[in-house]
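Have a look at the structure below before the remarks.
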Amino acid sequence: MARSPAGDQRIIHRLGTGVQWRELPERFGPWKTVHKRHLLWSPDGTWERLLRHVQSTADTEGGIDWNINVDSTITRAHQHAA
């Protein structure tokens, strides 16, 4: 199934800015169309494939630092977490 580059940009804009679906700029067309595409692409693995591709490309180019550090002095848990 072919993917629309415009559809990618509309969804990525929404995810990147955090705006509500109804607040997408008019230049992207009807928000319901963009939302429906997002709902279709989520369960079929499209977003996972895109993420793996972007991560792989960035890792190959040395653009990802995979070192992760957690400072436990700022990590908090709920009082009932044990």
Side-chain angles (χ1 to χ4, degrees):
M1 176 190 303
R3 302 292 189 206
S4 165
D8 295 347
Q9 293 304 314
R10 294 179 292 201
I11 296 169
I12 290 171
H13 173 82
R14 191 267 173 184
L15 296 174
T17 61
V19 300
Q20 298 296 317
W21 289 109
R22 293 175 188 253
E23 296 174 4
L24 280 173
E26 289 183 19
R27 70 179 184 270
F28 292 136
W31 70 268
K32 288 182 181 181
T33 304
V34 181
H35 182 253
K36 184 183 290 187
R37 182 165 306 192
H38 175 69
L39 292 178
L40 291 172
W41 288 6
S42 293
D44 77 357
T46 299
W47 291 117
E48 285 297 319
R49 287 191 301 277
L50 286 171
L51 177 62
R52 282 195 305 269
H53 174 74
V54 169
Q55 285 177 330
S56 174
T57 301
D59 191 30
T60 300
E61 296 172 356
I64 296 180
D65 180 6
W66 292 103
N67 293 322
I68 299 172
N69 295 309
V70 176
D71 181 355
S72 64
T73 61
I74 60 168
T75 302
R76 295 188 181 8
H78 188 273
Q79 63 183 355
H80 298 293

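Excluded from the calculations below are hydrogen atoms, water molecules and symmetry mates; all remaining heavy atoms, backbone and side chain alike, are included.
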**Report entry** Inter-residue atom distance L40.CG - H35.NE2, 0.5 Å rounding
**Finding:** 10.5 Å
Query raised in the report: How many angstroms lie between CZ in R10 and CH2 in W31, if you round to the nearest 0.5 Å?
Result: 13.5 Å
Query raised in the report: Quick one: side-chain contact (heavy atoms from CB on, under 4.5 Å) partners of S42, sequence neighbours excluded?
Result: H38, W47
Query raised in the report: Any side-chain heavy atom of T33 sitting closer than 4.5 Å to one from K36?
Result: no
Query - Those residues that, when tested against Q55, pass side-chain contact (heavy atoms from CB on, under 4.5 Å) (two or more places apart) - result: L51, I64, W66
Side-chain polar contacts of residues 11-24 - donor-acceptor pairs under 3.5 angstrom, sequence neighbours left out - could you list them?
from: R14; atom 1: NE; to: V19; atom 2: O; distance (Å): 2.9
from: T17; atom 1: OG1; to: H13; atom 2: O; distance (Å): 2.8
from: T17; atom 1: OG1; to: V19; atom 2: N; distance (Å): 3.4

